[in-house]
S.K.: 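Pasting a structure here, questions to come.
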Amino acid sequence: MTKTRTVHCCSSCGAQHPKWNGQCTACGEWNTLEEQTSLASSPARIPPPSGMSSGPVRIDQIPNSTHQTQSTGISELDHVLGGGLVPGSVTLIGGEPGIGKSTLLLQLMAWWPGRALYVSGEESTEQIHLRARRLGAIRPDLWLLAENSLPHVISAIAEITPELVVIDSIQTISDPASDSLAGSVSQVRACTQRLIAEAKNRNIPVVLVGHVTKEGGLAGPRALEHLVDTVCSFEGDRHHSLRLLRATKHRYGATGELGLFEMGTYGLVGVPDANAMFLVDRSAAIAGSAILPTVEGHRPLMVEVQALTVPAPPQIPARRVGQGVDGSRLSLLLAVLQQRAGVAVGHHDTYLSTVGGVKLTDPGSDLAICCAITSSLMRHPLPSDLVILGEVGLGGELRQVSHAHKRLAEAARMGFRCAVVPEHSPGSADIEVLRAETLLEALALTGMCPG
Ligand code: TYD
Ligand code: MG
């Protein structure tokens with residue numbers, strides 16, 4: 001007789017717990033545990049795709065293989081993927097609703113040189129057709145399927161034998177034979193595993209769309225990220241036209257390369273030179289604006305950081321709101337500004353944002369953020385031809401950043417004439433370099449002397 005057992009599975013990270021709990025002890029999320037019944041003796045496992053279980057092999061006996069990438073026809077997407085899609089690989093693209101995932105993938109289908117199948121669990125074929133017409137994606141080798149059931153998707157793949165499959169989105173596909181709820185972690189994971197097996201067996205690329213949570217992670221199973229070969233995130237401000245695509249995991253190449261697109265009337269258009277677009281609306285005479293020369297992958301990018309400080313009402317703790325900047329980094333920099341440079345930020349609400357919806361993870365952005373905040377507080381606009389670069393330590397000391405030369409060369413190309421950099425940064429023939437050892441010295445160089 002087969003025994004069943006009840007487990008509680010976290011819908012965020014997929015961890016299993018024997019008892020229900022308010023909080024998942026594995027990932028720390030609240031109210032994410034869902035009751036599930038599974039067979040005690042034989043936990044449901046999908047056999048590994050063929051070619052994966054060949055037993056141990058000596059490394060020097062494995063023949064050299066190169067991954068043939070197939071260009072997607074979209075140069076910014078190729079740039080992120082290191083050349084294109086690899087046959088047999090599975091790529092997951094995550095992003096907020098409305099950011100343009102379906103548009104990008106329909107454009108990918110339009111340019112794909114072979115037969116392609118677009119499976120949508122969210123829209124009808126009429127809706128997809130309407131969008132495809134707008135994007136100029138009508139071609140006889142493009143097949144549409146509006147379907148939520150995994151077995152129907154698998155049989156459609158067998159029938160049409162496409163050379164590319166897009167599933168939009170993986171959270172809307174479920175297997176009716178499985179006893180867990182549609183959209184639950186185990187469903188999504190099992191459907192992904194089945195589609196991975198299909199990709200490997202048929203040696204075709206499969207692209208999955210994944211929804212993201214409000215925190216920006218892929219919704220439901222973080223475990224999905226472990227299963228697939230490549231994870232890309234599509235970012236940007238929905239109310240802005242600029243979109244950023246980056247790979248956060250890539251088994252066939254480097255991660256960190258950035259693809260830039262502009263959403264227009266007829267879909268997404270690649271923006272190989274985004275800097276001109278980023279800076280076009282900049283108003284130089286405003287206090288609180290600083291330009292940071294950052295790098296994404298191999299691509300230098302000029303990002304405007306804006307700060308606004310306003311006196312906080314008495315007896316109410318000051319608010320710190322960061323858009324495009326990690327909240328705890330912002331709090332840390334405010335503390336360093338207060339303690340090491342004497343900038344009295346304590347009784348002010350501080351709002352910080354990056355223009356164009358860029359998310360800053362570059363530690364080299366610290367000094368530009370500090371200068372923007374001080375500039376707002378002192379109502380002192382920074383020179384319009386100045387860029388600011390450097391990591392700030394807890395002692396208020398400035399540290400060097402990577403790719404300084406490339407960043408400064410791009411700043412010079414964009415017409416900036418002066419750069420504030422950490423003391424030991426390499427020099428540049430293209431731009432005047434002002435060196436500072438500490439945060440206080442850097443503020444003084446930009447014409448701001450707090451305290
Ligand atoms: P969509 O690709 O459906 O986003 P997602 O799949 O990530 O939810 O579309 C995003 C938005 O883009 C939608 O609000 C309409 C807009 N859009 C354009 O501005 N131009 C276009 O050519 C298309 C197809 C969409
Ligand atoms: Mg969509």
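Only a predicted model underlies this, so the values are computations on that prediction, with no experimental measurement involved. Read the numbers this way: they start at 1 and go in the same order the structure lists the ligands and their atoms.
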S.K.: Taking N or O atoms only and a 3.5 Å limit, does P97 qualify as a polar contact for ligand 1?
M.R.: no
S.K.: Under 4.0 Å between a side-chain nitrogen and a carboxylate oxygen: does that hold for E96 and K101?
M.R.: no
S.K.: Hey, mind stepping through E122 and S169 against side-chain hydrogen bond (donor to acceptor under 3.5 Å, both in side chains) and telling me if it holds?
M.R.: CA-CA 7 Å; E122 298 179 351; S169 65; 3.0 Å; yes
S.K.: Among V228, V90, L208, which residue satisfies the side-chain contact (heavy atoms from CB on, under 4.5 Å) criterion with L195?
M.R.: L208
S.K.: Provide the number and element of each atom of ligand 1 under 4.0 Å from a heavy atom of I99.
M.R.: 4 (O), 7 (O)
S.K.: Which ligand 1 atoms does E96 reach within 4.0 Å, using its non-hydrogen atoms?
M.R.: 7 (O)
S.K.: I need the nearest protein heavy-atom contact for atom 6 (O) of ligand 1: residue, atom name and distance, please.
M.R.: S102 OG, 2.7 Å
S.K.: Should the heavy atoms of other residues, nucleotides or ligands under 6.0 Å from CZ of R417 be counted, would the total exceed 12?
M.R.: no
S.K.: Test side-chain hydrogen bond (donor to acceptor under 3.5 Å, both in side chains) on Q306 and E304; report intermediate values, then the result.
M.R.: CA-CA 6 Å; Q306 290 192 326; E304 183 182 351; 3.0 Å; yes
S.K.: Apply salt bridge (Lys or Arg N to Asp or Glu O under 4.0 Å) to D366 and R329, showing your working.
M.R.: CA-CA 9 Å; D366 290 353; R329 190 81 199 154; 2.4 Å; yes
S.K.: Name the closest protein heavy atom to atom 14 (O) of ligand 1, giving the residue it belongs to and the distance to 0.1 Å.
M.R.: G98 O, 4.5 Å
S.K.: Check step by step if side-chain hydrogen bond (donor to acceptor under 3.5 Å, both in side chains) holds for T161 and R115.
M.R.: CA-CA 8 Å; T161 59; R115 193 173 308 157; 3.3 Å; yes
S.K.: So which bit of D168 gets within less than 4.0 Å of ligand 1, heavy atoms only: side chain, backbone, both or neither?
M.R.: neither
S.K.: How far apart are the C-alpha atoms of T309 and T350, what are their side-chain angles, what is the distance that settles it, and do they pass the side-chain hydrogen bond (donor to acceptor under 3.5 Å, both in side chains) test?
M.R.: CA-CA 5 Å; T309 51; T350 305; over 6 Å; no
S.K.: Among all protein non-hydrogen atoms, which one is nearest to atom 3 (O) of ligand 1, and what is the separation to 0.1 Å?
M.R.: R131 NH2, 3.0 Å
S.K.: Please identify which atoms of ligand 1 are closer than 4.0 Å to at least one heavy atom of T265.
M.R.: 20 (N), 21 (C), 22 (O)
S.K.: Any idea which part of Y266 is under 4.0 Å from ligand 1, heavy-atom wise: side chain, backbone, both or neither?
M.R.: backbone
S.K.: Take the Mg ion (ligand 2) and tell me which protein N, O or S atoms are nearer than 2.8 Å.
M.R.: S102 OG
S.K.: So, R246 and E235, do they make that salt bridge, N to O below 4.0 Å?
M.R.: yes
S.K.: Side chain, backbone, both or neither: which part of R134 has a heavy atom under 4.0 Å from ligand 1?
M.R.: side chain
S.K.: Looking only at protein heavy atoms, identify the closest one to atom 12 (O) of ligand 1 and say how far it is in Å.
M.R.: M263 CE, 3.2 Å
S.K.: Is the number of heavy atoms from other residues, nucleotides or ligands within 6.0 Å of CZ (R319) greater than 12?
M.R.: no
S.K.: Any protein heavy atom lying closer than 4.0 Å to atom 23 (C) of ligand 1?
M.R.: yes
S.K.: Taking only residues two or more places apart in sequence, or in another chain, which ones meet R134 in a side-chain hydrogen bond (donor to acceptor under 3.5 Å, both in side chains)?
M.R.: none
S.K.: Can you find an N/O atom of L135 closer than 3.5 Å to an N/O atom of ligand 1?
M.R.: no
S.K.: Is any side-chain heavy atom of D229 closer than 4.5 Å to a side-chain heavy atom of T91?
M.R.: no
S.K.: I'd like to know whether ligand 1 has G264 as a neighbour, heavy-atom separation below 4.0 Å.
M.R.: yes
S.K.: Looking at atom 9 (O) of ligand 1, what's its closest protein heavy atom, distance included?
M.R.: T103 OG1, 3.6 Å
S.K.: Check this for me: L394, atom CG, are more than 12 non-hydrogen atoms of other residues, nucleotides or ligands nearer than 6.0 Å?
M.R.: no
S.K.: Between D168 and S120, is any side-chain donor less than 3.5 angstrom from a side-chain acceptor?
M.R.: no
S.K.: Hey, does G100 come in under 3.5 Å of ligand 1, counting only N/O atoms on both sides?
M.R.: yes
S.K.: May I ask you to identify, for K101, whether its side chain, its backbone, both or neither come under 4.0 Å of ligand 1 on a heavy-atom basis?
M.R.: both
